[in-house]
Every structure is written in C-alpha cells, then in structure tokens.
*Asks:* 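One structure coming up, written as structure tokens, with questions to follow.
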Amino acid sequence: MLNYFIGKKHLIIFIFLLCVCFTLITLSIRSRTMLEPVEKTIFYFIGPILKVSAVPKSWGMKIWRNYLDIQDHRKENIKLKKELAELKEIEKSLWELKSEIARLHENLKIKKSKDYKYYFSRVIGKEKNVLLKTVTIDKGSTDKISKNMLAINSHGLVGRILHSNPFTSRVLLITDPRSPVHVRVQRTRSQGIFSMVTMDKGTVKFVSKDADILPGDLLVSTGHGGVFPKGIRVGYVTNIKKGSSFKKIEARPSVNFNKLEELAIMEVTKRN
C-alpha cells in the first residue's frame with residue numbers, strides 16, 4: 001500500500017496543491033479578512049526574496065540605459081566632429097575666396113590704356129629654383145596669347161610671354177638675366193638699365209654720375225629696346241653709391257615675385 005502512494009507521489013502533490021488553491025479562492029470570495037493573515041505570512045517570507053531578486057533586474061536596466069546613453073553620446077560626438085570638419089573646410093574656402101577677391105580687386109587697379117588689349121590669366125606653374133625665371137599661365141594661343149606679349153599685375157612689370165601652347169603659355173620674368181629693362185627715373189627722367197640680382201633686389205646700370213636720383217624714386221620703363229613699352233612701373237630706388245663713371249644704384253622691383261597668382265597679359269594694338 002505504501003509503495004502504491006510512493007509511486008503516485010507526484011499526483012498526490014498536484015491534488016494537494018489544487019485543493020489549497022481552491023480553498024484560498026473560496027476563502028477570498030467569502031471573506032477577505034480571513035485571507036489577510038495568510039497573505040501577510042506568505043509575503044513576510046517571500047517579500048525579501050522578491051526584493052533581492054528585483055535588484056539584478058534594476059541593475060540590468062540601469063546598465064542598459066547607460067549603454068544607450070553612451071551610444072547616443074558617441075553618435076552625437078561623431079556627428080559634431082563631422083560638422084566641425086565641414087565648418088573648417090568652409091572657413092578655408094571662405095578665406096581663399098576672400099584672398100581671391102582681394103587679388104581681383106588689385107587687378108581692377110591696373111590702369112588700362114586704349115593702346116593695349118588685356119587678357120587676364122592665372123599662374124598655374126612655377127620653376128622650383130632659387131631665382132624664379134619663368135611661370136606658366138592658364139592661357140594659350142587658343143586665347144590669342146602670343147610671344148612677347150607683356151605680363152603685368154597691379155604692382156607693375158612682371159615679364160613677357162616666352163612661348164605659347166594651345167592652352168598654356170610660359171612667361172619669362174624680369175628676374176631672368178635675359179630680361180633687362182630700359183628704365184627712367186619718373187621724377188627726373190634720368191635713364192639706365194634695370195636688371196635683377198635676387199628675387200627682391202635689382203640694380204640700375206649706366207646711370208650718369210651727375211644724375212639726380214634719390215632713394216624712393218620710381219623707375220618706369222622707357223620703351224627702348226622694342227620689348228617693353230614705356231610707362232610701366234618697374235621698381236623703386238633703394239640705395240645710391242658714387243662710381244668713377246656711373247652711379248651704382250640698387251633698386252627693388254615693384255612686384256613681389258614670390259606671390260604671383262593672377263597676371264594681365266597685354267597685347268599691343270598701337271605702337272608708341
């Protein structure tokens with residue numbers, strides 16, 4: 001008999017629990033007050049267990065929320081870095097645009113003459129040596145640029161076209177020994193030949209020892225030699241020394257050859 005009950009123990013436990021649940025439901029329906037002591041007793045023992053079991057869940061939720069916050073901050077940080085990089089690029093573009101506008105404004109200061117036709121170009125290549133001799137511009141024979149046309153900017157004489165291709169041209173600068181310029185002192189009309197020694201220093205040769213020349217005097221082209229027309233600003237006298245037959249004159253060019261970016265090419269339409 002005992003063996004029979006042992007074999008059916010799961011069934012007996014199930015029937016017992018079913019009876020307990022039925023009894024509790026019945027008591028709950030009949031009288032709430034009768035069930036309260038039982039509920040209190042049950043929750044007295046299982047309350048701490050429920051409280052402790054809720055802690056990992058709370059921690060898990062908190063960790064999950066923190067993870068989501070970190071991910072949101074990470075995405076926001078990436079977005080802000082991207083926007084900052086874009087703003088820096090825009091700032092660079094604005095500065096470049098501002099610089100270009102300033103240079104174009106300088107070009108507008110070029111005193112245009114009816115004796116010349118003007119073509120504006122950009123410098124796209126320079127020689128990489130100590131004494132810059134030629135530069136390449138973005139205008140060529142298809143743009144009506146041809147050999148020996150004059151190259152200037154708003155500050156004065158730059159050089160002349162050495163040769164032109166269909167889409168580009170080579171400008172021989174006055175810094176080259178092959179490009180001496182016949183000049184005169186604008187104030188007194190004393191004449192000489194200007195040639196460059198370095199990128200920012202030149203000399204004026206064959207000036208009479210009695211010529212009236214002072215530091216700061218402006219040198220302009222005379223038109224002699226048939227290469228450069230007259231009246232183009234070339235440089236300024238910086239120092240004067242007496243010689244036996246001629247004065248030794250130092251001068252600086254009016255053009256900054258380290259900062260050539262835009263040039264005006266002049267085509268002669270009427271000879272002086």
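Note that the structure is predicted; figures quoted are calculated from it, not measured.
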*Asks:* Output yes when a side-chain donor or acceptor of S195 lies under 3.5 Å from a complementary backbone atom of P180, and no otherwise.
*Replies:* no

*Asks:* Between I232 and M266, what is the shortest heavy-atom contact and its length?
*Replies:* CD1-CE, 4.4 Å

*Asks:* Y118 and A264: which non-hydrogen atoms are nearest, and at how many Å?
*Replies:* CD2-CB, 4.5 Å

*Asks:* Show your reasoning for whether side-chain contact (heavy atoms from CB on, under 4.5 Å) applies to L172 and R178.
*Replies:* CA-CA 9 Å; L172 182 67; R178 294 170 289 177; 3.5 Å; yes

*Asks:* Which is it for V185 and V207 under the side-chain contact (heavy atoms from CB on, under 4.5 Å) test, yes or no, and what are the steps along the way?
*Replies:* CA-CA 10 Å; V185 178; V207 178; over 6 Å; no

*Asks:* Would you please test K201 and E250 for side-chain contact (heavy atoms from CB on, under 4.5 Å) and show each step?
*Replies:* CA-CA 7 Å; K201 182 180 178 181; E250 295 179 354; 3.8 Å; yes

*Asks:* Determine whether a donor-acceptor pair (N or O, by modelled atom type, separation under 3.5 Å) exists between the side chain of S254 and the backbone of V234.
*Replies:* yes

*Asks:* List the atom pairs, donor and acceptor, that lie under 3.5 Å between side-chain atoms in residues 156-166 and the rest of the protein, sequence neighbours left out.
*Replies:*
from : atom 1 : to   : atom 2 : distance (Å)
R160 : NH1    : N148 : OD1    : 2.9
S164 : OG     : I145 : O      : 3.1

*Asks:* Out of curiosity, Q191 CD to H224 NE2, how far, rounded to the nearest 0.5 Å?
*Replies:*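 If we round to the nearest 0.5 Å, Q191:CD and H224:NE2 are 5.0 Å apart.
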
*Asks:* Does some side-chain heavy atom of D212 sit less than 4.5 Å from a side-chain heavy atom of R187?
*Replies:*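 Of all side-chain heavy-atom pairs linking D212 with R187, at least one is under 4.5 Å.
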
*Asks:* Assess whether side-chain contact (heavy atoms from CB on, under 4.5 Å) is satisfied between N256 and H155, documenting all intermediate values.
*Replies:* CA-CA 8 Å; N256 186 341; H155 298 287; over 6 Å; no

*Asks:* Determine whether F120 and M149 fall in the same hydrophobic cluster, where Ile, Leu, Val, Met, Phe, Trp and Tyr are linked whenever their side-chain heavy atoms lie under 4.5 Å apart.
*Replies:* yes

*Asks:* Verify, without hydrogens or angle tests, whether T136 (side chain) and I124 (backbone) share a donor-acceptor contact under 3.5 angstrom.
*Replies:*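 No, the answer is negative, given that no donor and acceptor are paired below the 3.5 Å cut-off.
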
*Asks:* Would you kindly confirm whether V123 and I265 end up in one hydrophobic cluster when ILVMFWY residues are joined by side chain heavy atoms under 4.5 Å apart?
*Replies:*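 Yes.
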
*Asks:* Do V227 and V255 sit in one hydrophobic cluster, given that two such residues count as connected whenever their side-chain heavy atoms are within less than 4.5 Å of each other, even indirectly?
*Replies:* yes

*Asks:* To the nearest 0.5 Å, how far apart are CG in L219 and OH in Y236?
*Replies:*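 So the gap between those two atoms works out to 9.5 Å.
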
*Asks:* Any chance you could measure S121, atom OG, to D143, atom CG, to the nearest 0.5 Å?
*Replies:* 9.0 Å

*Asks:* Atom OG in S221, atom CG in L150: separation rounded to 0.5 Å?
*Replies:*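 Separation between the atoms: 7.5 Å.
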
*Asks:* Determine, using the 4.5 Å side-chain heavy-atom cutoff (strictly less than), whether Y119 and F228 are members of one ILVMFWY cluster.
*Replies:* yes

*Asks:* Spell out, as yes or no, whether a donor-acceptor pair under 3.5 Å connects the side chain of D176 to the backbone of L173.
*Replies:* no

*Asks:* Between N258 and K126, what is the shortest heavy-atom contact and its length?
*Replies:*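 In terms of heavy atoms, the two residues are closest at O-NZ, 3.8 Å.
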
*Asks:* So if you build clusters from Ile, Leu, Val, Met, Phe, Trp, Tyr with side-chain heavy-atom gaps below 4.5 Å, do V220 and V181 land together?
*Replies:*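 No: no chain of side-chain contacts under 4.5 Å links V220 to V181.
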
*Asks:* If you compare all heavy atoms of R233 against all heavy atoms of S154, which two are closest, and at what distance to 0.1 Å?
*Replies:*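 In terms of heavy atoms, the two residues are closest at NH2-O, 2.9 Å.
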
*Asks:* Measure across A251 and F194 and return the closest heavy-atom pair with its distance rounded to 0.1 Å.
*Replies:*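 So the minimum-distance heavy-atom pair works out to CB-CE1, 3.9 Å.
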
*Asks:* Just how far is it from atom NZ of K147 to atom CZ of R170, taken to the nearest 0.5 Å?
*Replies:* 14.5 Å

*Asks:* Under a 3.5 Å threshold, yes or no: a donor from one side chain and an acceptor from the other, between R252 and T238?
*Replies:* no

*Asks:* Hey, does the side chain of D217 reach the backbone of V237 with a donor-acceptor pair shorter than 3.5 angstrom?
*Replies:* no

*Asks:* If you compare all heavy atoms of M196 against all heavy atoms of I174, which two are closest, and at what distance to 0.1 Å?
*Replies:*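 The answer is CG-O, 3.2 Å.
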
*Asks:* Would you give the length of the straight line joining atom OG1 of T222 to atom NE2 of H182, rounded to the nearest 0.5 angstrom?
*Replies:* 6.5 Å

*Asks:* For the backbone of A211 and the side chain of K247, can you confirm whether one donor and one acceptor N or O come within less than 3.5 Å of each other?
*Replies:*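 Looks like yes, one N/O pair under 3.5 Å.
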
